[in-house]
Amino acid sequence: MDVKLTYFAWVRERIGLHDETYTTSATTAQELALELKERGENYSAAFHDLTLIRIAIDHEMAQWSACIKDAKEVAFFPPMTGG
Amino acid sequence: MDVKLTYFAWVRERIGLHDETYTTSATTAQELALELKERGENYSAAFHDLTLIRIAIDHEMAQWSACIKDAKEVAFFPPMTGG
Amino acid sequence: MHIYVQEEDFSQDALLRDIGKSSQTGAIVSFIGKVRDDTNTLHQLEIEHYPMMCKQALRAMAEDVKKRFLLEDVLIVHRFGKLNVGENIMMVATASSHRQAAFDGANFLMDYLKSNAPFWKKESFLDGTSKWVEPKESDAHAMTRW
Amino acid sequence: MHIYVQEEDFSQDALLRDIGKSSQTGAIVSFIGKVRDDTNTLHQLEIEHYPMMCKQALRAMAEDVKKRFLLEDVLIVHRFGKLNVGENIMMVATASSHRQAAFDGANFLMDYLKSNAPFWKKESFLDGTSKWVEPKESDAHAMTRW
């Protein structure tokens, strides 16, 4: 399955990409993150502590346990600091 | 003692005056109001229930028991409804 | 501190430009009160005021609230005279480094002002009648929240 | 409902003219957040945002708060990009028939937005360093007040 991955703030900086298209067979957001973590130093620096990261699936906030089977876009980012 | 009396809202309407200069020997605001009440129907209509009236002495909110000995101006009005 | 008592309308933008100009201001809360007409029966709202007392009473409240909530700045503008439905009656604004103090300060100031600023409102209705607005029970008790 | 996400500054006056135009509106509360610098060390604040998600996330929050506090109208404007000290970051405004609902709605909306709107702030300092702003403990817990 092809999914668009988008990164924001220090997650984006550590990985060194705004977004990419990635092929995965992961079924949950957590499985996907653990897979990504093994892709190199930049990814392992970004994903070393998943409790620091929030996710959105197709532009809606989601839990790590959420299913990504039909997802078009998964975003990873630190807790928001708007306002 | 000469004191300027000012009236607002329905107190003003019932008395029929914005302000007047009045000579009194009353020592408290309450004594003054009870004196005014006897000056005719318009005054008795305005002052028939003192719990409905608030006062200011020289532009500061005051209690009915407040001394008016050195007052230049005493104002009578209903509870405020600003804002 | 900025205190205005005036017959003419005010511009929020122009007034807000004047407060919170310091680099320590992170939050500005403003409240605008308008002439409301739920039932389509109101002709006008007339606001009577005590000119000699207004500014000093408003200034004392603004100073009190500024100290109490450690605000950077406080603004009050209150109109008098005859106002139509939808017109601005008054505005308060508070500037602070943090947002909760700005919210609490403005909210407190409104409670304070409702029962202590020398203004009286009279409603004139389309049918020719009129009446003085009664203070709300809730306004008199609002100050006990703080 | 009025939702804007934009790089350029906004005019409070122009935005507030758009909300609370109904004759039932008696109260408008607005909150403006500005770039603050307590210590004279800040060069710029850069705000990163998630363009595809921002407007719908803000709209969902505005709709929720409108229902919850029975508001007449809700406005949110949030900027992104590089901002200097003293510049406006964002504004929310609530229009209601009564003042307490307007205050509570705006206050709640700010708590909501701090932890749920997809914006991230990075501070650049005059000494050349920079860091991502950490969410405040108090912001994460603020929602439990409601």
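Chain naming here is simple, since letters A, B, ... match the order of the sequence lines and numbering starts at 1 in each.
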For the atom pair [atom1] ([X]) and [atom2] ([Y]), what is the distance rounded to the nearest 0.5 Å?
X      : Y      : atom1 : atom2 : result
D:N107 : C:D104 : CG    : CG    : 7.0 Å
D:I28  : C:I32  : CD1   : CD1   : 5.5 Å
D:Q12  : C:L16  : CD    : CG    : 5.0 Å
D:L42  : C:S23  : CG    : OG    : 9.5 Å

Interchain contact, [X] with chain C, by part (heavy-atom threshold 4.5 Å):
X     : value
D:V85 : side chain
D:A95 : neither
D:V35 : backbone

*asked:* Looking at D:K131, I want to see if its NZ is surrounded by more than 12 non-hydrogen atoms of other residues, nucleotides or ligands under 6.0 Å.
replied: yes
*asked:* Does D:E134, at its CD atom, have more than 12 non-hydrogen atoms belonging to other residues, nucleotides or ligands within less than 6.0 Å?
replied: no
_Distance-only polar pair, side chains of D:Q100 and C:R145, donor-acceptor under 3.5 Å_ = yes
*Could C:R17 and D:D13 be called an ion pair, given the rule that one side-chain N must be under 4.0 Å from one carboxylate O?*
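So C:R17 does not pair with D:D13 through a salt bridge.
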*Counting heavy-atom pairs under 4.5 Å to chain C, which of D:Q24, D:M91, D:R99 comes out on top?*
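Ranked by contacts with chain C, first place is D:R99.
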*Atom group of C:A93 that falls short of 4.5 Å from chain D, counting heavy atoms*: neither
_So for C:N40, is it side chain, backbone, both, or neither that comes closer than 4.5 Å to the heavy atoms of chain D?_
side chain
*asked:* Would the distance check show the side chain of C:R36 and the main-chain N or O of D:S97 forming a donor-acceptor pair, the cut-off being under 3.5 Å?
replied: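 Checking the backbone N and O of D:S97 against the side chain of C:R36, a donor-acceptor pair under 3.5 Å is found.
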*Run the numbers on D:F103 and C:F103 for ring-ring contact (aromatic ring centres under 6.0 Å, His included), then give the verdict.*
CA-CA 7 Å; D:F103 269 116; C:F103 269 115; 7.2 Å; no
